[in-house]
Amino acid sequence: MTQHLDANALREQVRLLGRDFGGTPLTYLDSGATSQRPESVIAAEMEYLRSANAAVKRGSSRLAELSTDAYEGAREKIASFIGAPDAQELVFVKNATEALNLVAYSLSNGGPGIPAHLTLREGDEVLVTEMEHHANLVPWQEACRRTGATLRWIPLTDDFRLDLSQLDSLLTEKTKVFAFTHQSNVLGTINPVQELVAAARAVGALTVLDTCQSVPHMPIDLADLGVDFAAFSGHKMLGPTGIGGLWGRYELLAQMPPFITGGSMIEIVTMEKSTYAEPPARFEAGTPMVSQAVGLAAAVDLLSDIGMANVAAHEKQLTQRALAGLREIPGIKILGAAEGPERTGAVAFNLEGRHTHDVGQVLDSQGIQVRTGHHCAWPLHRRYGVHGSTRASFAPYNTLDEVDALVAGMHRVVEFFARFN
Amino acid sequence: MTQHLDANALREQVRLLGRDFGGTPLTYLDSGATSQRPESVIAAEMEYLRSANAAVKRGSSRLAELSTDAYEGAREKIASFIGAPDAQELVFVKNATEALNLVAYSLSNGGPGIPAHLTLREGDEVLVTEMEHHANLVPWQEACRRTGATLRWIPLTDDFRLDLSQLDSLLTEKTKVFAFTHQSNVLGTINPVQELVAAARAVGALTVLDTCQSVPHMPIDLADLGVDFAAFSGHKMLGPTGIGGLWGRYELLAQMPPFITGGSMIEIVTMEKSTYAEPPARFEAGTPMVSQAVGLAAAVDLLSDIGMANVAAHEKQLTQRALAGLREIPGIKILGAAEGPERTGAVAFNLEGRHTHDVGQVLDSQGIQVRTGHHCAWPLHRRYGVHGSTRASFAPYNTLDEVDALVAGMHRVVEFFARFN
Amino acid sequence: MASSLDSMYTEIIFEHDKRPQHAGLREDFDSEVHHVNPSCGDELTMRLLIEGEGDDALVKDISYEAVGCAMSRASASIMADLFIGKTVAHAKKVMENFEGAMKSRGTDAGDEELIEDGVALLGASKFPGRVKCVLLPWKAYQALIVEAQAKHETDAPEAGEQA
Amino acid sequence: MASSLDSMYTEIIFEHDKRPQHAGLREDFDSEVHHVNPSCGDELTMRLLIEGEGDDALVKDISYEAVGCAMSRASASIMADLFIGKTVAHAKKVMENFEGAMKSRGTDAGDEELIEDGVALLGASKFPGRVKCVLLPWKAYQALIVEAQAKHETDAPEAGEQA
Ligand SMILES: Cc1ncc(COP(=O)(O)O)c(C=O)c1O
Ligand SMILES: Cc1ncc(COP(=O)(O)O)c(C=O)c1O
C-alpha cells in the first residue's frame, strides 16, 4: 500500500483521461455515474479472452477449467475486498440495479417452503429513505404493489441528513425490509449504517444496503457493518460495465427462491418442475459475465494496491477543495452539507436562476464533464425544492487541478450568463 | 460479401484458437456454449473505452453524447442484422436468459391498465416444447407457478423432431404464450417457425422464439418469421459476454409493464409511485452494458462481412463431415437426425457403455474441447433415455481439419477404453 | 469559449426564456398534455385550442407552463408564437421542417421562411443531448393536435357527412 | 496421450466401475439421500446404517445406486468399502484426509495408510472439473451421517444421560 495516492501515476493508466475536444482538454468529473477503466483492467480482460475464454463450470475440458478458475478466483478476490466472510455469499449480477431487484423479487416471489421472514405479504412494510437512488426505490414500490405490502420512508432534514426523529414509528415490528443507501449519490451524505442496522435488528427487519457510492470510495467491511444484503456496480469502481455484485448472508440466500431462472442455476429439471442449486449459482442463471468479472477483479487489485483509506483521504481532499471554491461564487447553492466527516465524494449544486442543463452546457464547452439533472434521485430533489442539480463527483484519478478547473469553470459560467441579464 | 468463407483468415483474428496445452494444439468445438471473440471485437470495445466511455443518455456533456451515439448506433446495427423493422424494438439485456425472463416476468407482473392479452392468469396456458433449453422452460414454469397458469409442452418424436400430431389439442384458445426454440442446441433440429407461428396466430397466442442457436448460424429476418418476441446472446455470436437482446413488436412492448426497475427506465418518480418510459428504455434499468454493446456491433459487422449465408453453408459442411465420420465408429449413437436441411450446427452423441464425462476427458487430453452433460436440456435427454451426451458445435472459424481431429479423437477414445474391457 | 456554444445561447433565446410568449395556462382549451423529460425531470403542461376541422382548422391558442432549461422554455415560447393564428396544415409543415433541421446535427439549416424565429433554436442541433429539450414542446403539440381533432370530430359527428 | 490421463483412468477405477462394491439399495438403513451433479445430471441415491452413538458408532452398511461417470461410480464403491465396518470417527478422519488431497490439484498425495484404495481416485485431483464427480458420494455420506446420528439420538433420548 502506498502512503499517499499518486493520482497522476494512475492517470497514465487511464487513456481516455488524456483526450481533448479540439484542443480543450477533458476534465472528467462524473465518476459517480461511471468511472473510467484503467489499462490494467482492460488488459486483464483481454488476457483472459486470448488464453482461457470458455463456458464456465461445465464438464471436463481444460479451457472450462481455466475459465472457471478465472471466474471463481474473481469472486474470491472481490468478496474479500468488500469484507464478505465467504466468497459463496457473493452473487455476480450485471449491475447494482439487478442486485436490488434480485432481493426485491426474491422476497416477493414466494413459493413452496419459503419461510415467512423471507416472504413479503399484505400487512408487511418496506422502509426506504427519501434520499434513495431510483434503483433502491422503484423495485420496492413494485414489490409492494405485487404483494400488497406497504412502502414507508424516512424523510430528510433541512441539513441534508436522514430525519431519524420519527424512526420508532417508521421502523416497527411490521417492517420486513429496511433498504437504504450507504452514501447519497447527490448529497454525499454518509448514513450511520451500524446505528440503523441495530434499530432494524431490534424489530427483526432485514437490511439491504446500497453500497454503489461507498464500495468505490472508502474501505468497506460488510461483515462489520452488520447488514444482511449489499449491492454494488463494477463500472463505478474502475471496473467494466455489465458486472456488479449482490452480497448476502449465506443462511438467507440459502433459503430464498431464485429471481432469474434458466441454465446453471438448477438442481433437477423435469418438464413438470425444477429444483434449484445452492447459492451463489441459484442466482446466476445463464451464461455469466466471465471476462467482466475478471476485469473487476483487476480493478479491485488496483484499488487494493492504492489502498482504500488513501482513496478516501484523496477524495475527501477533492471534495473539500470543491466545496470551498464553489461556496465563494455568488449565486451558487450547494445541495448537501458543508464538509465534514459524514460527507464526501459528490458535490451537487445549483446556480440561481439558471437551469442545470444550461450550466452543464457551458462547463462542457470548457471540457468539463459533470452530470446534470436529477441523478436518478428525483424525490430527493423535490424535497429540496429544485428540479435538478449540477453534480461533480470524484475518483482516485482526479486531481486538485481538475477541481480548480471546475471552480474556474463555474466562474466563467456566471460571466457567460451575465451577458444576457 | 465474400463468396466462400475463409475460416483460416478468420482464425488469425482469434488469438485463443492458436493456443496449445503443453504442445497439444487446441481444437475448440464448443462454440454452441460460447464463441471466441475476434480481435476486431476486442478492439472496438477498447477503442470505445479509450475515447468515448461515459454514462449514456444523460445531460449535456460531449462524452455522454459520444457514448450515447455508440450505444444507440450499436442498437441500430444489431437490430438491422436480425431483421427488426425498428431499432427501438431491440432491448439490450445481459444474455438470452434475461431476455426470456423479461417476457415471462412482464407477462406475469400485471399492474394497473395492463391489457388482458398481456397478463397471464389462472386458466391460461403456456405452451413450450420438450426440446427447450432450461432458459426457455424454467422461467415459464415459474411464471405459471406465480400466476396459476398451466404449462403444457409439445413432445418429441423418435426421429428428433417436434411431435406436431397433437398440436390442435395443445395449442388452443387457452394458450396465451407459445415459447419455442428456433434450433435445438443439442439435436441441431431447426423447427418450422412459420408454420408454428401461423398456428399460434390462429388461436391468438403470443409467440416467443429462442434464437440463441439460430442468430449466430444462419440469416435471420425476424419480421419475416412473424414471431412476437425473440431472444439471443452476444457471446454465442463472436460478441462479448454480458450482452444480449430481446426483440419484441413495438406495440406489445409499449403496453407491457417493466421487469427490472430503477434508474433510466422511469418517466416520473415520486416516493408514492412511478411511471415508466417508452420501450426500449422501459426495459433497460440501470447503467447499461455500453462497451459490450459496441463489441457486439463489431461482431455483427464481422458476421455481415462474411455473410450469414456463407456461415450457414460452412457450418452445414462441418456438420455433415462430423456426422459422416462419427457414424462409422462402432458404439457411437448420434443424438439427432441424419444430415438434412433441417438440422445443423451441433452434433451430440454417446459412446455405448461410456459416460460422457469420461469420453470428454479423453478428448480433452487430445486438446479437443467439447461439451459434456445435458447441455441445459435435461428433459430432452431424459426423453431419449440418456443422462447426457457429448456435443461438438461449430462457429465460422472452425475447419474441416478440426472436424477430422474430432473423428480421429473419438477413434482414440474407443481404443483407450478398450484397454479396460 | 466554443463558438457553437455562442450560436446556441443567443439574446433571442434568453429573451424568450425570461419573457416567454403566451405562457400561463388558460381555461379555454380542447386538449391538455403533461410531458416530462425523464432524464432531467423537466416538465411541461401544454393546452391547445383549435377552431374548425381538418387541415384548415385554426390554432386559436396554445397555453403552457414550462419548467426547464433556457432552450426548452424558449422553444415553447417560439413555437406558440409561430403556431397561434395559423392553420393546422401550416403548423404541420413548420413542424416537419423544424424537426428535420433539429435532428440534422447541424447539417440542415431549415427553411427560414417557414420556421422564422425557430432558426434561433437550431444552435442546439449540434448538441444531440439537447435536441430533446428543444423538441419537448413540439412533441407535446403533436399529441395535443391529435386529441383536439378527435374531440372536434366527436363534437360534430355530422362533419364527415357535411363534407 | 497425457500421462495425467493415465494416472486418472486405471485398472482399479474400471474394476470398481464395472463391479461396484456394495452397490444396490438395501432395506435396512437409518438415512437416505438423493444427490445430483446439476451440471451433468449424474444422480446418486445412498443409504446409511449405523450402530451405536457418537463417534464410536459403527458404519454397518452403505448401499447406493449411482448413475455417473467411471470416476464417480468408482468413488462410491471405494468409499463404501473403506467405511463399512469402521467407526464413524475413523470415517471422519479418512474423509478429511481424502477431501484435502482431492482438492489439492495434485499437490497433496494423501495419507495412503488412511485412505487406502482411495489413492486410486486422486488422479482426478489434477482435473478440477472432475473433483465434483469424485466427491459426490463423499458429500452424500456427510449428509447421511448427520441425519443418521440425529435419528439415533431421537430413538434413544437417554443416550446423553447414560454417557
Ligand atoms: C437454445 C439456447 N437457449 C438459451 C440459451 C441461454 O443463453 P445464455 O446462457 O447466454 O443466457 C442457450 C445457451 O446456453 C441456448 O443454446
Ligand atoms: C447510490 C446508487 N445506487 C444505485 C445506482 C445504480 O447503479 P447501476 O446503474 O450500476 O445499476 C447508482 C448509480 O447510478 C447509485 O449511485
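Here is the naming used below: chain letters follow the sequence lines, and residue numbers restart at 1 for every chain.
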Inset, instruction - Against chain B, label Glu132(A) side chain, backbone, both or neither, depending on which of its atoms sit under 4.5 Å from a heavy atom there. - result: neither
Inset, instruction - Mind listing the closest non-hydrogen atom pair of Trp378(B) and Glu267(A) along with its distance? - result: CZ3-O, 2.9 Å
Legend entry - Residue part contacting chain A, namely of Val269(B), when any heavy atom lies under 4.5 Å: both
Inset, instruction - Let me know if Thr129(B) has heavy atoms under 4.5 Å from chain A in its side chain, its backbone, both or neither. - result: backbone
Inset, instruction - Kindly indicate whether the side chain of Glu98(A), heavy atoms from C-beta on, has any atom under 4.5 Å from the side chain of Lys94(B). - result: yes
Legend entry - Residue, of Val138(A), Ile42(A), Leu363(A), that accumulates the most heavy atom pairs under 4.5 Å with chain B: Val138(A)
Legend entry - Under 4.5 Å from a heavy atom of chain B, the part of Phe259(A) involved: both
Legend entry - Portion of Ala377(A) that has a non-hydrogen atom of chain B nearer than 4.5 angstrom: neither
Inset, instruction - Would you mind telling me which of Leu151(B), Ile266(B), Asp30(B) has the largest number of heavy-atom pairs within less than 4.5 Å of chain A? - result: Ile266(B)
Inset, instruction - Heavy-atom distances under 4.5 Å only: say whether Leu66(A) touches chain B with side chain, backbone, both or neither. - result: side chain
Legend entry - Selection from Cys144(A), Ala135(A), Gly388(A) maximising heavy-atom pairs under 4.5 Å formed with chain B: Ala135(A)
Inset, instruction - Determine the option with the most heavy-atom pairs under 4.5 angstrom with chain A, choosing from Val93(B), Ile268(B), Thr97(B). - result: Thr97(B)
Inset, instruction - Check whether Glu142(A) gets within reach of chain B through its side chain, its backbone, both or neither, counting any heavy atom under 4.5 Å. - result: side chain
Inset, instruction - Name the region of Pro288(B), side chain, backbone, both or neither, that has any atom closer than 4.5 Å to a heavy atom of chain A. - result: backbone
Legend entry - Least distance between heavy atoms, Ser264(B) atom then Cys376(A) atom: N-SG, 4.3 Å
Legend entry - Proximal component of Leu137(B), with respect to chain A [non-hydrogen, under 4.5 Å]: side chain
Legend entry - Contacting region of Val128(A) [heavy-atom separation from chain B under 4.5 Å]: side chain
Inset, instruction - Name the region of Leu63(A), side chain, backbone, both or neither, that has any atom closer than 4.5 Å to a heavy atom of chain B. - result: both
Legend entry - Within-4.5 Å side-chain heavy-atom neighbours: Asp364(B) and Glu65(A): no
Inset, instruction - May I ask you to decide if Thr287(A)'s main-chain N or O and Asn95(B)'s side chain share a donor-acceptor pair within less than 3.5 Å? - result: yes
Legend entry - Structural part of Leu49(A) lying under 4.5 Å from a heavy atom of chain B: both
Inset, instruction - Give, as side chain, backbone, both or neither, the part of Ile260(A) having an atom under 4.5 angstrom from any heavy atom of chain B. - result: both
Inset, instruction - Starting from the C-alpha separation in whole Å, work towards a yes-or-no answer on side-chain contact (heavy atoms from CB on, under 4.5 Å) for Ser291(B) and Arg37(A). - result: CA-CA 11 Å; Ser291(B) 71; Arg37(A) 272 179 247 181; 2.9 Å; yes
Legend entry - When Arg382(B), Glu45(B), Arg146(B), Arg383(B) are compared by non-hydrogen pairs under 4.5 Å with chain A, the top option: Arg382(B)
Legend entry - Side chain, backbone, both or neither of Ala104(B) within contact of chain A (heavy atoms, under 4.5 Å): neither
Inset, instruction - Tell me, for Pro112(A) versus chain B, whether the close heavy atoms (under 4.5 Å) come from the side chain, the backbone, both or neither. - result: side chain
Inset, instruction - Against chain B, label Met271(A) side chain, backbone, both or neither, depending on which of its atoms sit under 4.5 Å from a heavy atom there. - result: both
Inset, instruction - Mind ranking Glu130(B), Arg145(B), His374(B), Met46(B) by heavy-atom pairs under 4.5 Å with chain A and telling me who comes out on top? - result: Arg145(B)
Legend entry - Short side-chain to backbone donor-acceptor contact, Arg15(A) and Arg50(B), under 3.5 Å: no
Legend entry - Gln292(A) side chain reached by Gln292(B) side chain, heavy atoms, under 4.5 Å: yes
Inset, instruction - Report yes or no: does Gln141(A) contribute a side-chain atom to a donor-acceptor pair with the main-chain N or O of Thr270(B) at less than 3.5 Å? - result: yes
Inset, instruction - Tell me, with the steps shown, if Asn101(B) and Thr261(A) meet side-chain contact (heavy atoms from CB on, under 4.5 Å). - result: CA-CA 7 Å; Asn101(B) 275 267; Thr261(A) 58; 3.5 Å; yes
Legend entry - Heavy-atom pairs under 4.5 Å with chain A, option from Trp140(B), Tyr276(B), Tyr28(B) with the top count: Tyr276(B)
Inset, instruction - Could you check which of Gly110(B), Gly18(B), Pro258(B) has the highest count of heavy-atom pairs closer than 4.5 Å to chain A? - result: Gly110(B)
Legend entry - Pair Asn109(A), Tyr105(B): side-chain N/O donor-acceptor within cut-off below 3.5 Å: yes
Inset, instruction - Check for a donor-acceptor pair, side chain of Asn53(A) on one end and backbone N or O of Gln36(B) on the other, with a separation under 3.5 Å. - result: no
Inset, instruction - Check Leu16(A) against Ser51(B) and note the closest heavy-atom contact, atom names and distance. - result: CD1-C, 3.4 Å
Legend entry - Contacting region of Ser233(A) [heavy-atom separation from chain B under 4.5 Å]: neither
